[in-house]
Amino acid sequence: MGLLEVNDVNKAFGGLKALDHINLSVNEGSVHAIIGPNGAGKSTLLNCLIGRLVPDSGTVTFNGRSLVGVKPYEINQIGVSRVFQTPEIFGELTLLENVMIPALAHRDGTFRLDAWHRMDHEAEIRDRAEAGLADVGLAEKSDMVANSLSRGDKRRLELAMCLTQDPKLLLLDEPTAGMARHDTNRTIDLLKEISERRNQTMVVIEHDMHVVFSLAHYVTVMAQGGVIVEDKPENIKGNPKVQEAYLGGAHL
Amino acid sequence: APHLFVRRASAADYLNAPTGSTVTLGFNVPQTGPYADEGADELRAYQLAVEHLNGDGDGGMLNTMKPTALKGNGVLGKKVEFVTGDTQTKSDAARASAKRMIEKDGAVMITGGSSSGVAIAVQSLCQEAGVIFMAGLTHSNDTTGKDKRANGFRHFFNAYMSGAALAPVLEKAYGADRRAYHLTADYTWGWTQEESIKNSTENIGWETVETVRTPLGAGDFSQYITPVLNSGADVLILNHYGKDMVNSLTQAVQFGLKDKQANGKNFEIVVPLYSELMAQGAGEAVKGIFGSANWDWKLKNPGTEAFVKSFGQKYGQPPSQAAQTCYVQTLLYADACERAGTFNPCAVISELEGFEFDGLGNGPTLYRAADHQCFKKVLVVKGNENPTNQYDLLEIVEEVPVEQVMYDPSIFGGELGSCNPGV
Amino acid sequence: MDQILLQILNGLDKGGAYALIALGLTLIFGTLGVVNFAHGALFMLGAFCAVGLYQLLTLEMVSIDPNNMTPWGTPAEIRQPYIEAWFGEAGSTMLNFAVPLSILVAIPIMLVIGIVMERGLVKHFYRRPHAEQILVTFGLAIVLQEIIKVWFGANPIPIPAPEAVSGSADIGSWFGFAENAISYPWWRLVYLLFSVAVICAVFAFLQFTTFGMVVRAGMADRETVGLLGIDIDKRFTIMFGIAAVVAGLAGVMYTPILPPDYHMGMDFLVLSFVVVVVGGMGSLTGAVAAGFLLGILQSFASMTEIKSIFPGIDQIIIYLVAVAILLVRPRGLMGRKGVMEG
Amino acid sequence: MDFLDKDNLQNDLILIAIFAVAILTMPIWLEPFGASYPDLMQKFAIFGIFATGFNILFGLTGYLSFGHAAFLGVGSYTAVWSFKLLGMNPIPALIAAVIIAGVFALVIGFLSLRRTGIYFSILTLAFAQMCYNLAYSVLTPITNGETGLRVLRSDPRIFDGNGSDTGPLVASLFGIEMTGMAGFYFCAVVLILVSWLAIMIFRSPFGLMLKAVKTNQNRMGYTGLNTRPYALAAFVISGMYAGLAGALMCITDPLAGAERMQWTASGEVVLMTILGGAGTLMGPMLGAALIKYFENIFSAFNEQTLEHVFSFMPEGMRDATVSLAGLFVGEGWHLTLGLMFMIVVIFLPGGIIEGLRRLAKAVFGRKRPEQSHAARDDAAQTAR
Amino acid sequence: MTTTDTLERPGTKTPEGAPFLIVRDIHAYYGESYIVQGVSFEVRKGEILALLGRNGAGKTSTLRSVARVGTPDLKQGEIWLEDAPVHKMKAHEAARHGIALVPEDRRIIAGLSVEENLDLAQIAPPIGWSKERIFELFPRLGERRRQEGVTLSGGEQQMLAVARALARDVKLFLLDEPYEGLAPVIVQEIERTLEQIKEIGLTTVIVEQNAIAALHLADRAIILDMGQVVFDGSAREVLDNPELREQYLAV
Ligand SMILES: Nc1ncnc2c1ncn2[C@@H]1O[C@H](COP(=O)(O)OP(=O)(O)OP(=O)(O)O)[C@@H](O)[C@H]1O
Ligand SMILES: Nc1ncnc2c1ncn2[C@@H]1O[C@H](COP(=O)(O)OP(=O)(O)OP(=O)(O)O)[C@@H](O)[C@H]1O
Ligand SMILES: CC(C)C[C@H](N)C(=O)O
Ligand SMILES: [Mg+2]
Ligand SMILES: [Mg+2]
């Protein structure tokens with residue numbers, strides 16, 4: 001059984017079936033890409049995994065534990081971290097603070113009234129956060145306020161925040177969108193390294209096929225709320241269904 | 001800073017003993033909030049009193065007061081100065097302001113206030129601090145009843161006296177067979193007034209249908225007035241003051257209560273405690289409505305005439321009863337100091353206790369020693385049907401003799417305690 | 001029975017007043033997103049438009065009366081309103097209709113006040129934190145209040161309703177109840193009708209023109225609306241002007257019910273915020289519904305029968321209901337998502 | 001990331017030391033401002049505590065409570081009841097007030113924090129107004145209504161009520177009466193202690209989490225943090241500060257009135273905090289002092305004092321000046337207050353502290369070599 | 001590698017036609033941070049200009065300056081569209097002069113439906129494509145016309161953002177990363193649309209991370225780095241110059 005098991009999940013918005021009998025299994029240590037046309041339901045699926053949405057029916061189990069109806073913070077605490085399509089960061093805090101927060105959450109759990117501690121004694125957390133920023137190439141901006149970052153940098157910040165948590169499962173919703181090619185390549189390398197070094201399990205949504213094919217062990221193709229193909233990347237490229245629904249004549 | 005300690009530790013045997021050629025009094029009145037106009041009139045009176053005490057102006061009631069030890073050269077030869085402060089009609093603010101006067105400005109006496117809550121709060125402060133408090137406008141029975149203090153004095157009348165004075169007049173005007181409905185401001189003063197009026201009207205045979213408490217500052221009283229319409233009552237008694245009274249009375253009239261018939265009689269409205277400013281605010285609505293007052297500028301006696309003259313000439317308008325009581329309190333205090341030969345509160349208190357005087361506008365008056373309450377005639381007034389000028393809003397119906405409003409000091413309980421000179 | 005009918009009527013009337021007072025606030029607060037603590041002051045200024053006009057109309061010709069002296073020894077004065085001196089009968093009629101006439105006066109005045117306030121002050125605060133909006137508008141409210149106090153004094157000033165509608169109507173007899181069983185002041189009925197009319201007019205303006213949508217969009221994202229060629233500033237100004245007029249009219253019409261004084265705005269401020277928020281931010285319908293709901297509940301809570309079961313209920317009913325509604329419904333009765341939730 | 005500097009604790013200690021000296025020497029340096037009398041200085045300290053506590057909630061988490069006066073009131077009533085029942089020692093009164101205010105805050109906060117933004121504000125407002133209205137009327141047996149709750153000679157006062165009892169009924173700590181200067185020093189010491197606590201909170205991981213609550217609650221959730229207990233803890237802590245302030249008011253002056261709970265009182269602490277600078281360490285205290293100064297000193301001016309002030313002018317000019325100035329002081333002090341509110345927000349966005357920072361910048365140029373820690377932290381806060 | 005002296009008027013290089021948009025030495029700030037540091041370029045009528053550069057290079061800031069959005073604050077420099085002094089305008093005036101910006105974060109307006117988002121674009125003149133025509137191009141939007149705009153999927157939102165610009169009659173089209181988050185099929189579709197737009201003769205400035213795709217479409221390209229122009233030349237030049245691509249675009 002995989003680390004993450006999605007079983008027959010449905011989700012509708014009014015009349016619109018955003019998720020239609022979805023099944024998905026992600027094995028520990030694998031990088032699983034989800035691709036599909038816009039509006040296919042990819043982000044909605046991730047929303048169901050992290051507790052932002054509750055599926056109308058079906059089961060989601062992570063590490064043998066059901067995630068349906070569990071609060072987002074609890075899901076995160078058991079090891080699921082997500083990068084969003086539109087960056088969710090602490091806009092008014094500095095980059096370092098942004099990354100220290102997940103580091104603290106990772107160490108201390110969901111709530112701790114440590115009002116008598118001092119941040120300046122938290123050297124370990126700080127090192128961890130700085131390392132995280134360095135990983136994504138934001139080290140020298142660590143004192144900037146997050147809101148003043150350019151868009152691509154916000155993305156990277158969010159990635160750093162997720163990585164400092166050492167999640168068991170990392171969900172990435174278009175992590176390289178808006179990133180310069182150069183940084184996209186760096187991000188690919190980073191994710192690859194993490195995947196190999198830590199044996200990190202990841203689910204990646206991407207429209208950039210370069211990223212998908214460099215990273216993924218498996219690819220699931222979604223369209224109109226359903227899964228149309230699930231296979232190894234090499235087999236996906238040539239699949240006519242995928243060509244039609246998704247790739248068009250795109251330069252790969 | 002150091003002088004703070006110096007002052008405290010000065011050789012005198014009472015707090016804030018004036019050392020130079022001046023003596024400082026503290027006038028603590030509402031300058032903001034709904035009672036600001038009332039406070040402004042009180043302040044005018046205080047300034048006038050200071051002027052007169054220092055021998056400026058025409059002397060006002062200094063000339064009519066009997067007996068008097070005042071000479072018009074200040075008090076005990078010291079020129080009177082004053083400090084002012086804003087009570088905001090809140091106990092906290094009033095106490096803060098009074099403390100400033102005592103701690104910073106060295107006031108030996110505090111006077112003023114426009115609400116019983118404030119008066120009681122400041123009175124007990126003065127008691128603890130060790131200065132005299134001469135209450136201004138405060139009508140609750142508690143001020144000289146269960147919350148009386150040795151250092152505190154009240155010239156104004158109270159709810160009990162209002163009831164005692166009003167009842168017979170009401171009986172005469174509306175008969176003994178009446179059913180009354182009370183709307184009462186839901187706080188201490190309202191309750192004591194409701195109780196007093198209820199008792200005295202029941203004594204003349206009226207029945208109390210209902211007593212309803214209304215929140216302070218309700219603004220719109222319609223939801224309390226509508227139930228009156230069909231309650232079987234034929235008199236509405238409004239135990240409200242200030243803005244609340246202006247609103248409730250205006251609205252009661254709008255609901256047609258004044259033109260209504262009930263139990264075969266004309267429906268009537270009574271406002272036990274009246275003031276000129278309220279009458280102004282309520283406009284037309286006050287016409288023909290009975291109430292009581294401590295004093296009115298139209299009274300015919302030398303004190304009143306002298307006071308109205310100097311006030312009118314200085315400010316171009318007649319004084320309100322608030323102004324009168326504040327003015328008189330200042331003179332009474334100064335006179336007592338003069339007689340005691342010192343500002344020491346304990347000496348002043350014993351001069352004021354049991355002091356009998358006349359010529360201050362209310363006829364012969366007694367400062368009763370047992371509760372520090374003045375006893376004098378009480379006026380029953382009525383909204384003037386045909387005012388001849390803009391100040392002529394209330395018409396004096398009767399001057400009720402003091403015997404009729406006298407009561408046993410023990411009925412309200414409370415304990416004066418002993419005088420506190422503050423050191 | 002008649003008692004209940006009367007309380008319902010009274011509740012409706014109160015509700016109309018609450019709704020009207022809250023309406024002006026919801027335009028600025030719920031729609032433009034400005035926490036406007038000066039709303040009460042606008043309401044008060046409206047009322048003082050009526051006071052001003054009334055005093056203007058009753059401006060008196062003062063002449064010295066040679067035969068009389070005041071008790072304080074200065075010569076007495078004879079006073080006659082100019083308006084009567086000049087126009088006779090017609091003058092008295094104008095005086096009688098001072099309050100309705102004030103509406104005509106108040107509309108341009110309040111419009112100008114609203115526009116000046118927006119252009120001169122509030123404009124710079126749209127993007128500032130709500131806290132600073134509170135501070136600046138509260139400061140403004142105090143200043144306006146104090147100016148009025150210096151000019152008109154602190155005491156309430158009574159303004160009569162036109163004679164024709166100053167008494168009370170025997171509504172019961174219209175519906176076949178006993179005579180005088182249900183009587184209600186005419187002016188309050190007028191007020192109720194007036195509220196309904198103004199509410200409808202504002203609704204029509206915002207629903208049947210794109211104006212409302214544009215303003216909503218501008219509040220969500222001014223920049224983008226600007227990129228679409230829309231001068232959002234101008235629309236905000238107009239909106240503010242309208243809101244000031246609505247607030248002012250509510251004040252004008254309230255004068256015969258409550259003699260206005262400089263402090264009346266503050267007394268209504270909290271109430272109008274509660275009504276708007278209970279109705280739900282950004283929803284005019286919500287504000288109106290909440291106004292009526294709270295008015296009726298307040299009316300009933302004041303009945304002696306109910307007070308004897310829950311003492312003090314009439315004093316807290318509004319807050320109690322507000323708490324209950326906000327705990328059950330996250331955005332009040334019908335608030336829009338995302339408006340002032342952060 | 002200034003709070004991670006190595007010498008940081010030391011910086012904070014210096015800061016609090018300077019602060020302590022400034023507070024304790026207030027009687028000296030406030031003299032020229034006419035504000036060096038005990039009652040006003042007590043108010044500075046007490047409202048400083050109130051505003052500092054409020055700032056822990058509002059400045060850090062962004063939750064704008066409009067009902068904090070309720071906790072102040074609860075603290076006051078508790079303190080007076082402690083006097084009445086236990087005796088005039090301030091310590092049990094303080095402890096009881098903080099605990100009871102904390103309990104109230106826990107309940108009200110628990111319910112109110114189910115909502116955010118304006119809905120939260122109105123919930124807190126509604127709770128506080130209910131407390132006020134009930135305290136004023138129905139609960140008079142407990143609160144003594146309008147008159148305010150006082151200590152009476154007839155009260156049991158278990159620990160010191162017996163024996164000859166003629167002294168004034170004021171709180172006293174080991175025989176030192178807590179009125180006048182002694183009362184001020186007592187408040188000042190408490191203020192210094194709780195300011196230190198506030199600094200600790202600002203610098204702690206907990207404080208960082210509170211700032212995170214303000215910026216993005218969603219992200220907090222997806223980062224594994226439960227925002228509610230954080231917000232609730234901040235609410236309760238600030239409620240306890242309010243309770244403490246309320247108790248101190250009664251310790252220096254044993255009377256508790258209902259109007260302390262009215263919405264205007266809640267509004268006042270909001271104004272104090274914003275005026276000084278929300279989210280800054282020292283701003284709220286400054287705002288509190290400024291408002292109290294206006295309330296007590298400006299309202300006390302009258303024509304007579306003004307004439308003293310302007311006595312150097314020729315007569316005609318003096319009269320004109322006095323009557324003009326008279327508009328702004330005495331009964332016109334509210335006008336000055338309103339103008340000050342407007343001027344501060346318009347010209348010093350972010351409050352007085354931010355204004356001072358800009359001033360410092362203008363004077364000392366861009367690069368300030370050694371800036372105090374607090375100023376930097378404050379600047380970072382207000383820049384947001 | 002060709003780097004152009006920024007002071008030189010690039011317009012002089014290609015003689016045909018007068019410049020349609022002139023951006024001359026603009027400097028823009030976010031508060032005190034100096035971001036756009038003297039950028040100049042020109043675009044001729046009907047041309048597509050690709051604005052390239054790394055993250056944080058200042059591309060968005062440059063576009064926003066041209067569209068006259070409040071931030072960054074344009075403190076110096078001139079922008080002329082035909083004969084209109086755009087640098088003196090506010091955003092809404094610039095929009096009325098035919099400048100349309102498709103912002104990078106899409107800026108779909110919360111609380112408004114898809115259709116209302118489009119309606120909003122058609123309030124102020126000049127009005128462009130009808131809604132019918134737009135829904136023809138983007139049928140997905142047509143299907144979701146009543147849905148609240150912000151609940152659309154990321155890609156759908158991007159479509160709406162482009163559609164909203166088309167709903168106005170545009171002279172100058174400023175596209176900030178229009179392909180971001182779009183599936184390849186849609187990218188192709190938008191590419192085709194842009195080609196159509198190009199055929200109509202609409203002048204366009206496009207910012208895109210996918211430099212290759214952008215360069216295939218564009219006539220000319222500018223590369224920004226650290227808020228300054230480091231290259232200005234034809235699109236072909238960039239495609240043919242691996243060194244340049246390597247250094248500034250890392251492709
Ligand atoms: N809250 C919502 N209400 C209504 N419809 C929604 C909501 N959220 C998503 N949808 C719809 O559900 C569908 C799936 O959306 P989703 O965001 O999962 O797409 P996606 O696969 O992530 O697309 P993209 O690649 O464009 O981001 C879309 O058509 C979207 O419009
Ligand atoms: N609001 C802001 N406040 C302060 N600095 C900002 C702000 N927005 C952007 N910046 C800074 O300006 C620089 C240029 O940003 P800009 O958004 O123009 O870059 P970009 O080239 O569009 O990058 P990207 O490809 O990541 O979108 C960046 O260093 C960024 O940090
Ligand atoms: C001013 C007073 C005469 C009435 C006031 N309400 C009181 O409490 O006493
Ligand atoms: Mg998506
Ligand atoms: Mg960009």
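Chain naming here is simple, since letters A, B, ... match the order of the sequence lines and numbering starts at 1 in each.
- When all heavy atoms of B:Lys99 and D:Asp253 are compared, the pair lying nearest together is NZ-CB, 3.2 Å.
- Atoms CG and NZ, from D:Asp39 and B:Lys104 in turn, are 12.0 Å apart once rounded to the nearest 0.5 Å.
- Contacts of D:Thr264 with chain B are made by side-chain atoms alone, with heavy-atom separations under 4.5 Å and no backbone atom involved.
- Residue B:Thr32 holds its OG1 atom at 8.5 Å from CD of D:Glu295, rounded to the nearest 0.5 Å.
- Contact of B:Ala36 with chain D is not made at all, since no heavy-atom distance falls under 4.5 Å.
- Heavy atoms of D:Trp333 lying under 4.5 Å from chain B belong exclusively to its side chain.
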Verdict with reasoning, D:Thr140 to B:Trp191, per side chain to side chain contact (heavy atoms under 4.5 Å, CB included): CA-CA 11 Å; D:Thr140 295; B:Trp191 303 342; 2.9 Å; yes
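- Rounded to the nearest 0.5 Å, atoms CG (B:Asp147) and CG (D:Asn144) are 7.0 Å apart.
- A distance of 13.0 Å separates OG1 of D:Thr147 from CH2 of B:Trp189, quoted to the nearest 0.5 Å.
- Listed options D:Gln42, D:Arg150, D:Gln262 were ranked by heavy-atom pairs under 4.5 angstrom with chain B; first place goes to D:Arg150.
- Proximity to chain B (any heavy atom under 4.5 Å) is shown, for D:Lys292, by neither the backbone nor the side chain.
- Scanning residues 323-331 of chain D against chain B with a 4.5 Å heavy-atom cutoff picks out D:Gly330, D:Glu331, ordered by number.
- Chosen from B:Val29, B:Val118, B:Asp92, the residue pairing most often with chain D at heavy-atom distances under 4.5 Å is B:Asp92.
- Of the listed residues (D:Asn133, D:Asn302, D:Asn296, D:Val138), the one with the most heavy-atom contacts under 4.5 Å to chain B is D:Asn302.
- Chain B forms more heavy-atom pairs under 4.5 Å with one residue of D:Ser137, D:Gly148, D:Ser299 than with any other, namely D:Ser137.
- Here B:Ala96 is the residue among B:Pro30, B:Ala121, B:Ala96 with the most heavy-atom pairs under 4.5 Å with chain D.
- Close approach to chain D, defined as a heavy atom under 4.5 Å from one of its heavy atoms, is seen in B:Glu81, B:Phe82, B:Val83, B:Thr84, B:Gly85, B:Asp86, B:Gln88 of residues 80-89 of chain B, taken by number.
- For the atom pair CD of B:Glu103 and CG of D:Leu40, the computed distance is 9.5 Å after rounding to the nearest 0.5 Å.
- Contacts between B:Leu125 and chain D at a heavy-atom distance below 4.5 Å involve the side chain alone, from C-beta outward.
- For the atom pair CD1 of D:Ile297 and CZ of B:Arg100, the computed distance is 6.5 Å after rounding to the nearest 0.5 Å.
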